[in-house]
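Take a look at the structure set out below.
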Amino acid sequence: MPLRLVAIGDSTVEGVEDPGPDGVYIGWADRFAAHLDVLHPGLLYANLAVRGQTAHEVRETQLLPALDLAPDVAVVVAGVNDVLRPKLDRDALRDDLFAMHAELAATGARVLTFTMPDMARVAPLAVVLRQRLQFLNSVTFECRERYGSTVVDLASVPAASHPALWHTDRLHANSEGHRRVAAALAEAVGYDVEDWRAEPPPVPTTSRVRIALAEAAWVGSHLLPWAWEHARGQSAGDDLTCKRPHLLPVT
């Protein structure tokens, strides 16, 4: 029987900001599936992720469909949208992540996830989110201890927060970033990959004035529109469905 891989989560799992030639995002989950297909020819892969969803929304809308697909390998990445909300319910976030890891692990699936790097290097204003991201990462490690999940610790790798691996919105990896996350996950399951930890070329230094101008431009073009959307109770994933709801061959 072919190996079954199912990915659930938010925009990063969907592959946002890693565009493909047909206009559909590729993303690290698709790229990881391609790696895994080399180890397990004939792999079947589904991606149920929807951008903008909180961990609770992922649990409510994606977990049961994922369980129905009976995955051998499950990828779960959620919680960043919770961290970005004005108020973070830490107990609820922990409960939702525990539930997803527990129920998938109980079926015998190998569950994979990763920690989130410190984004202050990419977006200096993100320093205010540092403690929240550290909490999310601590829950991720708790999932490893409780349920045996495989955790790739991106937070401990300096290159993971290198600006060269992030899209200009500073919320999503760019294509090179997605490629490296896929390589990290592939390494975790035994695939021989290149050193995804290698530091990209250094970013040229710039003046404080230019940094301030860049921060102001980012706030106006990305942060404020996102905040206004959520203030109105909207999400980037409203009225969207996942890109790959059924188990299909990778190629």
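Heads up: numbering here begins at 1 and tracks the sequence. Because the structure is a prediction, the values reported are computed rather than measured.
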Would you say [X] and [Y] are hydrophobically clustered, going by side-chain heavy atoms of ILVMFWY under 4.5 Å?
X: Leu5; Y: Leu39; result: yes
X: Leu97; Y: Leu67; result: yes
X: Leu129; Y: Val127; result: yes

Which atom pairs, one a donor and one an acceptor, fall under 3.5 Å between side chains of residues 111-120 and the rest of the protein, sequence neighbours left out?
unit_1 : atom_1 : unit_2 : atom_2 : d
Thr113 : OG1    : Val76  : O      : 2.6
Thr115 : OG1    : Asp153 : OD1    : 2.7
Thr115 : OG1    : Leu154 : N      : 3.0
Thr115 : OG1    : Ala155 : N      : 2.9
Asp118 : OD1    : Ala120 : N      : 3.1
Asp118 : OD2    : Arg130 : NE     : 2.9
Asp118 : OD2    : Arg130 : NH2    : 2.8

Inset, instruction - If a pair satisfies salt bridge (charged side-chain N to carboxylate O under 4.0 Å, His left out) and one of its residues is in residues 132-145, list it, with sequence neighbours excluded. - result: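 Only Arg94-Glu142 qualify under salt bridge (charged side-chain N to carboxylate O under 4.0 Å, His left out).
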
Inset, instruction - Give every residue pair that meets the salt bridge (charged side-chain N to carboxylate O under 4.0 Å, His left out) criterion with at least one member in residues 23-45, sequence neighbours excluded. - result: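 Output for this query lists Asp18-Arg31, Asp30-Lys243.
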
Legend entry - Note, Val58 side chain near Val50 side chain (heavy atom, < 4.5 Å):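 No, every pair of side-chain atoms sits at 4.5 Å or beyond.
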
Quick check for you: to the nearest 0.5 Å, what is the distance between [X] atom [atom1] and [Y] atom [atom2]?
X: His101; Y: Leu63; atom1: NE2; atom2: CG; result: 10.5 Å
X: Phe32; Y: Asn47; atom1: CZ; atom2: CG; result: 12.0 Å
X: Asp96; Y: Asp82; atom1: CG; atom2: CG; result: 7.5 Å
X: Cys143; Y: Leu104; atom1: SG; atom2: CG; result: 10.5 Å
X: Asp72; Y: Leu3; atom1: CG; atom2: CG; result: 4.5 Å
X: Ile8; Y: Glu14; atom1: CD1; atom2: CD; result: 14.5 Å

Legend entry - Qualifying ring-ring contact (aromatic ring centres under 6.0 Å, His included) pairs, either residue in residues 38-65, two or more places apart: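 Pairs touching residues 38-65 that pass the test: none.
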
Legend entry - For the student: nearest non-hydrogen atoms of His172 and Ser11, plus distance: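 In this case the closest contact between His172 and Ser11 is NE2-OG, 2.7 Å.
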
Legend entry - For the student: nearest non-hydrogen atoms of Ala7 and Ala29, plus distance: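 That would be CB-CB, 4.2 Å.
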
Inset, instruction - Please work out whether the ring planes of Tyr147 and Phe98 are parallel, tilted or perpendicular, with thresholds of 30° and 60°. - result: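 Tyr147 vs Phe98 ring planes: perpendicular.
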
Legend entry - Results of side chain to side chain donor-acceptor pair (under 3.5 Å) for Thr150 - residues two or more places apart only: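 Listed in chain order: Arg110.
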
Legend entry - ILVMFWY cluster membership beyond Tyr25 - transitive side-chain contacts under 4.5 angstrom: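 Besides Tyr25, the cluster holds Val16.
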
Could you tell me whether the side chain of [X] and the main chain of [Y] form a donor-acceptor pair under 3.5 Å?
X: Glu17; Y: Asn174; result: no
X: Arg4; Y: Leu44; result: no
X: His178; Y: Trp28; result: yes
X: Arg85; Y: Asp89; result: no
X: Glu57; Y: Thr54; result: yes
X: Asp10; Y: Ala78; result: no

Legend entry - Heavy atoms from other residues, nucleotides or ligands near CD of Glu176 exceed 12 (cutoff 6.0 Å):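 More than 12 within 6.0 Å, yes.
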
Legend entry - Pairing of Arg180 and Glu187 as salt bridge, 4.0 angstrom limit: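 No, Arg180 and Glu187 are not salt-bridged.
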
